[in-house]
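Structure first, then comments.
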Amino acid sequence: FDTMIASYLLNPGSRQHNLDTVVFSELKFEKISKDDLLGKGKGKISFSDVAEERLSVYSCEDADFTHRLVDKLNQDLKEAGLLSLFKNIEMPLVEVLSEMEQNGIIIDADHLKRLGTRIEKDVSLIEKKIYDLAGKGFNVSSPLQLRNILFNELKISSASIGKNKTGLSTSADELAKLKNSHPIIPLISEYRELVKLLNTYINTIPILVNKSTGRLHTSFNQAVTATGRLSSTDPNLQNIPIRTELGREIRKAFIAEKGYKLVSLDYSQIELRLAAHMAGDEKMIKAFLEGHDIHTSTAAEINGVSLEKVTKEMRREAKAINFGILYGQGPHGLSQTADISFAQAKEFIDRYFEIYKGVKEYIAGSIQSAKEKGYAETMFGRRRYIPEINSSVVQIMKSAERMAVNTPIQGTAADLIKKAMITVYSRLKSINHNLSTPIARLLLQVHDELLLEIKEEYSLTIAEEIKEIMENTIQLKLPIIVDVNMGDNWGDLHEVKFN
């Protein structure tokens with residue numbers, strides 16, 4: 001039993017699942033905290049300096065109250081219908097994540113060093129262009145100085161810009177509204193993206209490599225996200241851009257051990273497949289059953305053309321609509337993500353709901369259910385409490401409605417890959433049984449993708465077996481497809497097809 005995970009399942013919207021907080025909220029007892037025991041700042045002492053009697057009370061409290069929590073939280077899980085999720089998915093996953101953290105992954109530090117040198121030059125060039133447009137030098141990373149340049153010096157209209165505690169916001173979302181207002185805006189966005197990738201990954205990853213193992217060991221967080229997805233820290237491997245050239249260059253630094261291959265297994269369009277299944281939408285299910293690309297099918301339906309006549313532009317817009325609908329976007333949000341007019345976005349959404357009537361009913365049903373129950377639920381019974389769905393403040397209510405639509409889909413995708421990981425891990429344990437050097441290791445999980453390291457001579461056989469496990473973890477009204485890619489590094493994988 002794990003009290004942190006139990007608390008997380010019962011209160012997924014909170015990030016306070018440490019023992020002291022949970023004991024106080026559940027049992028109304030204030031434990032001796034580590035700060036009480038050791039102090040803070042310059043006066044902080046170590047555990048060996050604490051008087052034995054005080055240390056014994058602190059230690060006994062930890063053990064005693066953990067034990068007391070088990071009965072309470074176990075009963076709460078049972079009453080909330082969450083015990084099966086806890087016992088069959090979350091608890092078995094602890095061992096899987098522990099081994100993945102210990103396995104780690106090899107990093108090509110020289111590749112990152114070369115990449116860093118190149119990106120630092122790019123940052124300097126962009127910085128110079130920004131200064132030229134601003135008419136002076138300033139700290140681009142300072143929101144205060146940037147705000148002054150944009151709205152006072154360059155007189156860019158701030159009519160659509162939101163405010164924070166210190167004044168007009170210069171966040172990425174707010175600047176996106178201004179992308180066509182002045183040539184300085186796209187340069188600032190590019191500058192920020194490069195600096196973020198430099199600081200988060202390119203310059204930081206080599207420092208985090210463990211000296212004794214020679215591998216990078218990220219930490220997986222099982223009790224953080226409200227939807228049930230895993231996250232990772234030190235470094236955060238969930239946010240490396242997949243579709244950009246620079247993102248792929250960073251991924252090239254993650255390499256296989258000599259004699260092994262990296263194998264990526266990725267659920268294809270899993271959220272859209274789950275949406276089709278959960279909505280029972282016949283047209284969408286039919287498109288998947290016939291093996292069509294769902295975005296091309298949607299584009300053909302919305303534009304009233306045959307599949308062959310769908311252009312890249314039509315498919316791009318349809319993709320934005322497909323995902324926008326899942327995330328509860330209205331015409332305003334869609335017009336921004338698809339880069340189309342508000343009127344066109346509204347027309348597309350109306351047409352979309354005419355075609356996919358099941359999806360329209362699913363969205364209305366999800367919102368109504370959350371209003372009545374106060375929570376949204378995945379296919380596996382995971383809950384996300386959304387009390388603000390009955391708020392009288394329209395903006396708050398609308399945001400909650402978006403959560404009610406997306407949580408069952410995104411949360412089910414999270415549960416699905418967790419369930420698959422447990423089965424894959426169990427299979428790998430039997431493959432590696434009694435071997436001094438493992439044949440295959442599970443290394444990373446990023447959203448809908450698993451990354452493994454497999455001995456080259458076994459790579460195809462084991463990859464095919466894992467693909468089958470992942471595709472048959474649950475049965476839907478349509479096929480689940482897993483794409484397999486293989487190579488020597490994570491950024492340069494080639495597709496593998498099986499008969």
Side-chain angles (χ1 to χ4, degrees), residues 96-123 193-222 229-266 417 421 424-425 428 432 436-456 458-459 462-463 466 484-494 496:
V96 183
L97 296 178
S98 169
E99 178 147 316
M100 285 166 69
E101 288 183 352
Q102 289 176 63
N103 286 339
I105 188 167
I106 299 173
I107 296 296
D108 181 348
D110 290 338
H111 173 79
L112 286 175
K113 195 174 180 181
R114 289 191 298 273
L115 188 59
T117 305
R118 195 185 94 198
I119 300 306
E120 276 162 9
K121 281 181 188 169
D122 291 346
V123 167
E193 181 66 13
L194 291 181
V195 168
K196 181 184 165 189
L197 292 175
L198 265 176
N199 295 339
T200 311
Y201 300 111
I202 299 168
N203 293 340
T204 306
I205 283 174
I207 301 163
L208 295 172
V209 171
N210 185 294
K211 286 184 172 57
S212 59
T213 66
R215 287 173 170 250
L216 177 76
H217 302 267
T218 187
S219 293
F220 291 101
N221 307 313
Q222 200 177 344
R229 280 199 182 278
L230 295 171
S231 65
S232 75
T233 44
D234 303 323
N236 173 2
L237 298 179
Q238 309 278 350
N239 285 349
I240 303 174
I242 300 170
R243 311 205 185 283
T244 66
E245 189 198 336
L246 183 53
R248 284 190 290 274
E249 283 298 319
I250 293 169
R251 284 179 168 225
K252 281 181 186 176
F254 294 73
I255 60 174
E257 188 177 315
K258 202 172 182 337
Y260 285 77
K261 288 285 182 190
L262 287 186
V263 180
S264 160
L265 296 105
D266 195 352
I417 199 160
M421 285 167 75
V424 168
Y425 173 73
L428 295 184
N432 296 326
S436 54
T437 309
I439 288 172
R441 307 180 186 97
L442 196 49
L443 303 186
L444 299 175
Q445 187 266 5
V446 179
H447 304 309
D448 304 319
E449 175 189 13
L450 295 184
L451 190 71
L452 292 95
E453 189 173 46
I454 308 175
K455 273 199 174 172
E456 195 162 356
Y458 301 103
S459 55
I462 293 175
I466 292 169
V484 182
N485 290 275
M486 192 180 294
D488 296 321
N489 67 68
W490 195 18
D492 204 6
L493 304 173
H494 61 271
V496 179

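Just so it is clear, the structure is predicted and the values come from calculations on it, not from any experiment.
In this structure, the side chains of Arg215 and Val209 stay at 4.5 Å or more apart for every pair of heavy atoms. In this structure, the side chains of Leu262 and Asp488 stay at 4.5 Å or more apart for every pair of heavy atoms. Annotation: side chain of Met486 is not in contact with side chain of Leu493 (no heavy-atom distance under 4.5 Å). Using a 4.5 Å heavy-atom cutoff, the side chains of Thr200 and Asn239 are not in contact.
In this view, Phe254 and Trp490 satisfy the ring pair (Phe, Tyr, Trp, His ring centres under 6.0 Å) rule, not counting sequence neighbours. For Lys455, the salt bridge (charged side-chain N to carboxylate O under 4.0 Å, His left out) test picks out no residue, with sequence neighbours left out.
Counting only N and O atoms by type, the side chains of Ser212 and Asn210 include a donor and acceptor under 3.5 Å apart.
Remark: the backbone N or O of Arg243 is paired with a side-chain donor or acceptor of Arg248 at under 3.5 angstrom. Distance alone, capped at 3.5 Å, places no donor-acceptor pair between the Ser264 side chain and the Leu451 backbone. Thr244 contributes a side-chain N or O that, together with a main-chain N or O of Gly247, makes up a donor-acceptor pair within less than 3.5 Å. With hydrogens and angles disregarded, no donor-acceptor distance shorter than 3.5 Å links the side chain of Asn203 to the backbone of Asn199. No donor-acceptor distance shorter than 3.5 angstrom exists from the side chain of Glu193 to the backbone of Val195, with no hydrogens or angles considered.
Between Pro235 and Thr218 the shortest heavy-atom distance is O-OG1, 2.8 Å.
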Evaluate the criterion side chain to side chain donor-acceptor pair (under 3.5 Å) for residue pair Gln238 and Ser231; output intermediate values, then yes/no. CA-CA 7 Å; Gln238 309 278 350; Ser231 65; over 6 Å; no
Run the side-chain donor-acceptor check on residues 101-108: report pairs under 3.5 Å with partners two or more places apart or on a different chain.
residue	atom	partner	partner atom	Å
Glu101	OE2	Phe220	N	2.7
Gln102	NE2	Ser98	O	3.4
Gln102	NE2	Ser98	OG	3.1
Asn103	ND2	Glu99	O	3.4
Asn103	ND2	Leu442	O	3.0
Asp108	OD1	Asp110	N	3.3
Asp108	OD1	His111	N	3.1

